[in-house]
Enquirer: 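Got a structure for you, written out below as structure tokens; questions coming shortly.
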Amino acid sequence: MFTGSGTLRSTLRNLHFTPSGRHQNSKAAVDFVRHARETFEETYSAPSFTSATARWVGKSKLVSVEYTTLQNDFAREAKRNFANHMTLSISAGRATVLTKGKPADMDGARASLQSPSDSSLVAILSSNSSGAGRFVEIWRDGVLAKSIDVSHKHGEYYTDIFFGSLAWSSDNKNVIYAAERSEYEKAKPESTGSDSIENIGEITDVIEGAVAGVADPRCYQFEEDWGESFTGKRPPVLVIVNVCDGSVKVLPSIKNMSPGQAQFLTRNEAGADQIVFTGYQHEVRKHGILFCYNRPSGIYVCDMDGSNLKCIYNGSVRSARIMPSRKGLVFLSTTTGGPHDSTSEIIYYDLEKDRAHTVVPIINEPLEKEQTIGGTRLPKGFAGIYTGQLPAQPWLQIGDSTQDILVFTSVWRSTSVVLTLDIQRMVLQVQSPDAGTLSNAVLSVNGDLVVGTTSTPAHSEILIIGEATRDSHSQDMAIQWYHVARSTVSDIDWRVICNNGKHGSAPECIFVSPRKPSNETRYFWANGGPASRPLIVFPHGGPHSTFTTTYNAQVAGLARLGFGVLLVNFTGSLGFGQEAILAQIGQMDTLTIKEIQNAALEIQNSGDGDPEATVYLGGSFGGYTGALLAGLVPGFYRGIALRNPVIDIAANALTSDMPDWSWAEIGLGCSFDSPPELGPETFAKMWEASPARLVDKIRDPMLLLLGGSDHRVPNYQSHSFYYRLRTANVPVQCKMYPNVGHSLSSIEAERDMFVSLARFFATSLKGQVESHADH
């Protein structure tokens, strides 16, 4: 018998969703859709902080903060950027906002950067809405000092975390950034005067440009992009703009390499600037780079004109940051190949001695006590570095002394923490402003001030300001944190569930739920205790990523609708040591499935979810595990919603922008220089681990949410899955969102997906209720 509350039964029974072909909408159904849409807008309206800088005002205890936010505009169907500033007073352990400016719309601004040595100076990369007109703007004291037209020098800017660059030279005379290489000339009518060409050379000589009424030979030459989120973008080039005379210099392209993350390198006060950058290598093909930190790359140095190019470190490296002392630089390094993301090292490169050594090593298991490894003191519980990139401005400076103290963010089990690394003393410390349950992130560092954010599953981001000090005796670092705003009261509860290495259990889960029945939860949880509350089981994608206690709008929205949401961090998640990541390889269809299912059973048995009202939600790899569970445990989940799921591993290997994933995750090797063939034995192994083989066993309602422009998991395999489910008379819906990619990140897609989930879960649970009632 159905064990849910009678109110849930009657409420869902009254939701008469109109079948296709009928024109009369019921008031109940329309009211429900409105409630879901309003919940979406409430939870997705919270701004996220994208950048911030802070500085002391004179010698007072006043702090000036400039920051930018990204916010959804539901009326315009747009994600909008705003710039703002505030002045804070810091005293008695509190930060008080004294003044706050009016938000300025950053429409057209693709990236901006304040000069590290002159806070009055700001560079902005701007373009109009069509992207045809591009300008480098130089602002001084809030006044536009110069606007330099770069429209005909290159294509659109690169502003992502892999290739995006924007940096000032030490003398503030130049800025460097990355942009698309110019488009090759298309065919145009032949001009007169061709007889003036010298009658020399061979017919096979290289031709550049459109000639003789024919396009540049390179114009239609196949040249792949960097995959998901880079679709159709031409390769990046580095561009230097002299802000004094307005001259623009595009550095030459480099064969089989895409540059990014560029900055100026000044070895000493009198020395000429050089350029240091990350170069992503591609001998045979480009492999999709989004969320993939195992791609071949190197740290390169060259002269200002691109000459004297030298690779100073090769591997899978990124995020080079020049030390304030100018003695060297540090960067992140991850194992090449294998898992798409894993534990990173921090490497120090000595510019004087021209050699590198590891400062923070790869950690296999969380440290049971404070230890010194490779000369670096590491804190108790430390399980390694897990961060995509270091902050653009990551260095602390306390007083007048020049120190090399790095501040950055890393995943630590199911949280995100702030860490400091003293390069000279070789000491790593945790600096988060709480006991390790909230999630915190660093935005920037200036002098002894750190600007960051803090959030929880129940509270969206707020700014925090940190003031760094050094203990005069131990010389250890400490950061005193101040919350710029107080978190609002929330009707959502959450907790981290730690399984302490229990066999067959996910290392940790995060459980997010409404505190009590309310008007907001009325459709799914009108009254009764937690045991009558519907449950969503929600593993993350990747598989090598992590759900942290950071605010997640989708999860908060589902909890506000009345669901308990179980976020599953299974073996293979980041933040638990390198061994945990490698332990999943070859077992994603066995160990991972077991851990997800055990997590669901444990939360049900604890009385925090209704076994008869349990549904599933997962995207990408989480969609893969959901499709597997649909065939392995039919009847356990009343409805299964999958966003861009991997259904057929072999098909994904042939069509995905990251084909290496299909080999690596099932335990087979994959060389970037010599991609393997998909032979019969490999195909058989991939098929055995694929949900596609279990279609005949699926009977529970399914919802597929697909991006029309998804290059990570192309939707052909989901279409085939959909047709086979329909043939088997399985209740299935398929939503296709045009012109959006793997993450379904447009406002229209996010809104429709959220409302569709609410409707689908309501229908699935309603059908289950009625089937029980009929019996």
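We use all heavy atoms of the structure for the numbers below, so side chains are in, but hydrogens, waters and symmetry mates are not.
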Enquirer: Would you check if the distance from the ring center of Phe40 to the ring center of Phe74 is below 6.0 Å?
Expert: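 Aromatic pair counts; centres sit under 6.0 Å.
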Enquirer: Testing Asp608, Asp493, Asp610 for salt bridge (Lys or Arg N to Asp or Glu O under 4.0 Å) with Arg533, which one passes?
Expert: Asp608
Enquirer: Under the 3.5 angstrom rule, does the side chain of Trp661 hit a backbone N or O of Gly542 as a donor-acceptor pair?
Expert: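 Yes.
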Enquirer: Any side-chain heavy atom of Met658 within less than 4.5 Å of one from Glu228?
Expert: no
Enquirer: Main chain of Glu579, side chain of Glu365: is a donor-acceptor contact present, judged purely on distance under 3.5 Å?
Expert: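 No, the answer is negative, given that no donor and acceptor are paired below the 3.5 Å cut-off.
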Enquirer: Quick one: do the Thr550 and Thr548 side chains pair a donor with an acceptor below 3.5 Å?
Expert: yes
Enquirer: Under a 3.5 Å distance rule, please check whether Asn499 uses its side chain to pair with a backbone N or O of Ser505 as donor and acceptor.
Expert: no
Enquirer: Look at the side chain of Thr43 and the backbone N and O of Ala556, then say whether any donor-acceptor pair between them is shorter than 3.5 Å.
Expert: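 Flag not set: sc Thr43 to bb Ala556 has no pair under 3.5 Å.
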Enquirer: Check this for me: Asn605, atom CG, are more than 12 non-hydrogen atoms of other residues, nucleotides or ligands nearer than 6.0 Å?
Expert: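 Above 12, so yes.
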Enquirer: Regarding Gln584 and Thr592, do their side chains bring together a donor and an acceptor under 3.5 Å, going by distance alone?
Expert: yes
Enquirer: Side-chain contact, heavy-atom cut-off 4.5 Å: Pro339 with Ile585?
Expert: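 A side-chain contact exists here, since the closest heavy-atom pair is under 4.5 Å.
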Enquirer: Is there a side-chain contact between Ile593 and Thr625, using heavy atoms and a 4.5 Å cut-off?
Expert: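 They are in side-chain contact.
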Enquirer: Any side-chain heavy-atom pair from Ser342 and Gln578 closer than 4.5 angstrom?
Expert: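 Touching, per the 4.5 Å side-chain cut-off.
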Enquirer: Before you tell me yes or no, could you show the steps for Thr343 and Tyr386 under side chain to side chain donor-acceptor pair (under 3.5 Å), namely the whole-Å CA-CA distance, both residues' side-chain angles and the distance that decides it to 0.1 Å?
Expert: CA-CA 6 Å; Thr343 316; Tyr386 305 92; 3.0 Å; yes
Enquirer: Can you name the residues that form a ring pair (Phe, Tyr, Trp, His ring centres under 6.0 Å) with Tyr716, not counting sequence neighbours?
Expert: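 Applying ring pair (Phe, Tyr, Trp, His ring centres under 6.0 Å) to Tyr716 gives none.
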Enquirer: Between Ser756 (side chain) and Asp752 (backbone), is there a donor-acceptor pair under 3.5 Å?
Expert: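 Present.
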Enquirer: Among side-chain atoms of Ser439 and Thr549, is any donor-acceptor pair under 3.5 angstrom?
Expert: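 Yes.
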Enquirer: For the rings on Phe570 and His540, is their centre-to-centre separation under 6.0 Å?
Expert: yes
Enquirer: Going by heavy atoms in the side chains, are Ser620 and Val713 under 4.5 Å from each other?
Expert: yes
Enquirer: If you compare all heavy atoms of Ala46 against all heavy atoms of Tyr551, which two are closest, and at what distance to 0.1 Å?
Expert: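 Nearest heavy atoms, Ala46 then Tyr551: CB-CE2, 4.4 Å.
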Enquirer: Nearest 0.5 Å please: distance from the CG atom of Leu567 over to the CH2 atom of Trp494.
Expert: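 With rounding to 0.5 Å, CG (Leu567) is 11.5 Å from CH2 (Trp494).
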Enquirer: Backbone N or O of Ser45 within a donor-acceptor pair of the Asn72 side chain at under 3.5 Å?
Expert: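 Not a single qualifying donor-acceptor pair exists.
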Enquirer: Step through the shown structure and confirm whether more than 12 heavy atoms of other residues, nucleotides or ligands are within 6.0 Å of CZ on Arg693.
Expert: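 Yes, enclosed.
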Enquirer: Between Asp589 and Tyr624, is there a side-chain heavy-atom distance shorter than 4.5 Å?
Expert: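 They are in contact (side-chain heavy atoms under 4.5 Å apart), so the answer is yes.
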Enquirer: A side-chain contact here means heavy atoms from C-beta on lying under 4.5 Å apart; do His742 and Asp657 qualify?
Expert: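 Result no, sub-4.5 Å side-chain heavy-atom pair not found.
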Enquirer: If you count the non-hydrogen atoms of other residues, nucleotides and ligands that lie under 6.0 Å from NZ in Lys697, is the total more than 12?
Expert: no
Enquirer: Are Glu748 and Arg751 close enough, and set up right, to give a salt bridge (Lys or Arg N to Asp or Glu O under 4.0 Å), and what steps lead you there?
Expert: CA-CA 5 Å; Glu748 173 61 17; Arg751 176 174 53 220; 2.6 Å; yes
Enquirer: May I ask you to check whether Phe538 and Phe563 place their ring centers less than 6.0 Å from one another?
Expert: no
Enquirer: Looking only at non-hydrogen atoms, find the nearest pair between Ala749 and Leu744 and report the distance.
Expert: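 The pair with the smallest heavy-atom distance is CB-O, 4.0 Å.
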Enquirer: Only distances under 3.5 Å count here; give the side-chain donor-acceptor pairs of residues 507-514 to other protein atoms, sequence neighbours excluded, each with its distance to 0.1 Å.
Expert:
| residue | atom | partner | partner atom | Å |
| --- | --- | --- | --- | --- |
| Glu508 | OE1 | Ser414 | N | 3.3 |
| Glu508 | OE1 | Ser414 | OG | 2.7 |
| Glu508 | OE2 | Arg413 | NE | 2.7 |
| Glu508 | OE2 | Arg413 | NH2 | 3.3 |

Enquirer: Is there a side-chain contact between Thr521 and Asp491 (heavy atoms, below 4.5 Å)?
Expert: no
Enquirer: Give a yes or no on whether the backbone of Ile462 and the side-chain of Thr453 come within a donor-acceptor separation of less than 3.5 Å.
Expert: no
